[in-house]
Amino acid sequence: MPEAFDSQEPVLTIGLAAERTGVSVPTIRLYEMEGLLIPFRTPSGRRLYSYEDLRRIQCIRHLIHDEGLNLAGVRRLVALLPCWRLKPHNDETDGPMAECTAIQQEKEPCWIIRRREGKRTDEECRRCEVYRNALSCTQEMKTLYRELATCKPQDLQPGQQSGTSE
DNA sequence: ATTCTGACA
DNA sequence: TGTCAGTA
């Protein structure tokens, strides 16, 4: 069995990604325009996808085809996810938590906010557990989103985590 | 042959 | 979502 390949390595062209996921090429590009995907790029500009990206594309497809969401719905869903729920804030690399625009606004996922702030952070975000898990469609994430969708904004603020079983 | 961006049905 | 144009 093949175990020597990295599920995060960019190895598939958009055509192959479309073939494997059942999502058309134009639609995959659309997902990217919506900020849901951050594909790799070859020096010439061609998009490349990893096997993990394939899972991500399938997750989005699932939300749209099976959960009845549209693209706007998917965006709102991921926007509900505070980055600190998946990854401890790091003052060293992220700066003071109080000054983090991603945590302050939370109207969009952190990777989209960071990009708009002009930072070339795609590489880091692609590796970040927040980006990688937000659209993983695991049972854990489904449970988390269900919780986030029903509680109030105040309940989402960091620092209120009565740190017990987390 | 395949992909890219932008525009449009 | 799909498709067409004009490239690379």
Side-chain angles (χ1 to χ4, degrees), chain A residues 1-83 85-87 93-94 100-150 156:
Chain A
M1 52 186 228
E3 42 71 32
F5 74 67
D6 200 321
S7 65
Q8 293 188 61
E9 287 301 309
V11 292
L12 301 168
T13 61
I14 193 170
L16 288 175
E19 196 174 288
R20 310 279 260 269
T21 61
V23 177
S24 71
V25 170
T27 299
I28 290 178
R29 294 204 185 101
L30 179 59
Y31 289 174
E32 180 184 345
M33 290 302 289
E34 290 295 317
L36 271 29
L37 286 176
I38 303 178
F40 298 79
R41 292 282 182 151
T42 65
S44 63
R46 253 65 176 185
R47 277 170 259 251
L48 285 182
Y49 301 84
S50 65
Y51 284 92
E52 196 169 281
D53 288 329
L54 257 44
R55 302 280 296 179
R56 194 183 182 79
I57 292 171
Q58 293 176 316
C59 175
I60 297 170
R61 184 196 61 80
H62 171 257
L63 292 173
I64 293 175
H65 294 180
D66 306 324
E67 301 296 341
L69 299 180
N70 51 27
L71 278 177
V74 177
R75 288 203 61 165
R76 290 193 332 193
L77 183 69
V78 293
L80 290 173
L81 181 63
C83 49
R85 290 297 294 264
L86 292 178
K87 173 178 172 294
T93 62
D94 310 324
C100 178
T101 52
I103 290 179
Q104 286 175 40
Q105 304 179 185
E106 256 171 37
K107 297 305 178 186
E108 294 177 292
C110 51
W111 63 86
I112 290 181
I113 293 176
R114 285 201 171 189
R115 171 184 291 180
R116 190 170 54 253
E117 289 179 338
K119 302 182 179 180
R120 298 168 190 43
T121 182
D122 284 2
E123 291 300 322
E124 299 103 273
C125 287
R126 204 181 350 250
R127 247 85 182 185
C128 178
E129 39 268 70
V130 179
Y131 170 78
R132 295 173 58 192
N133 289 310
L135 287 170
S136 61
C137 281
T138 60
Q139 184 52 57
E140 290 75 6
M141 288 309 297
K142 280 195 174 187
T143 301
L144 177 54
Y145 278 125
R146 190 171 192 68
E147 174 197 326
L148 294 171
T150 55
L156 303 181

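For clarity, every value in this text was computed on a predicted model and none was experimentally measured.
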- What one should report as the nearest heavy-atom pair of A/Ser24 and A/Ala18 is C-CB, 4.1 Å

- State which of B/dT5, B/dT2, C/dG2 makes the closest approach to the side chain of A/Arg29. B/dT5

- Message: How close do A/Val130 and A/Trp111 get, counting heavy atoms only, and between which atoms?
- Response: O-CZ3, 4.1 Å

- Note on the structure: Out of B/dT3, C/dT1, C/dT3, minimum distance to the side chain of A/Ile14 belongs to B/dT3

- Item | Whole-Å distance separating the CZ atom of A/Arg41 from the P atom of B/dT3 | 13 Å

- Let me know the distance between CG of A/Asn70 and P of C/dT1, rounded to the nearest Å. 11 Å

- Message: Rounded to whole Å, how long is the line connecting atom CG of A/Leu16 with atom P of B/dT2?
- Response: 10 Å

- Item | Pairing nucleotide - C/dA8, Watson-Crick or G-U, each distance under 3.5 Å | B/dT2

- Query: What nucleic acid atoms does A/Thr13 come within less than 4.0 Å of, heavy atoms only: base, sugar-phosphate, or nothing?
  - Reply: sugar-phosphate

- Message: From CG of A/Leu48 over to P of B/dT2, roughly how many Å is that when rounded to an integer?
- Response: 16 Å

- Heavy-atom closest pair (A/Val25 atom, A/Gly15 atom, distance to 0.1 Å) is CG2-CA, 4.2 Å

- Query: Expressed in angstrom and rounded to an integer, what is the separation of A/Leu37 atom CG from B/dC4 atom P?
  - Reply: 13 Å

- Message: Applying disulfide bond (SG atoms under 2.5 Å apart) to A/Cys59 and A/Cys137, what does each step give before you reach the verdict?
- Response: CA-CA 6 Å; A/Cys59 175; A/Cys137 281; 1.9 Å; yes

- Task: Using only side-chain N and O atoms of A/Arg46, determine if any of them is under 4.0 Å from OP1 or OP2 of B/dC4.
- Result: no

- Message: Check the phosphate of C/dG2 against A/Thr27, side-chain N and O only, distance under 4.0 Å to OP1 or OP2. Yes or no?
- Response: yes

- B/dC4 P sits how many Å from A/Leu30 CG, rounded? 14 Å

- Note on the structure: Which of C/dT1, C/dG2, B/dC4 is nearest the side chain of A/Ser24? It is C/dG2

- Does NZ or CZ of A/Arg56 fall inside the cone over A/Tyr49's six-membered ring, less than 6.0 Å from its centre and within 45° of the axis? no

- Please report, rounded to the nearest Å, how far the P atom of B/dT2 is from the CD1 atom of A/Ile28. 15 Å

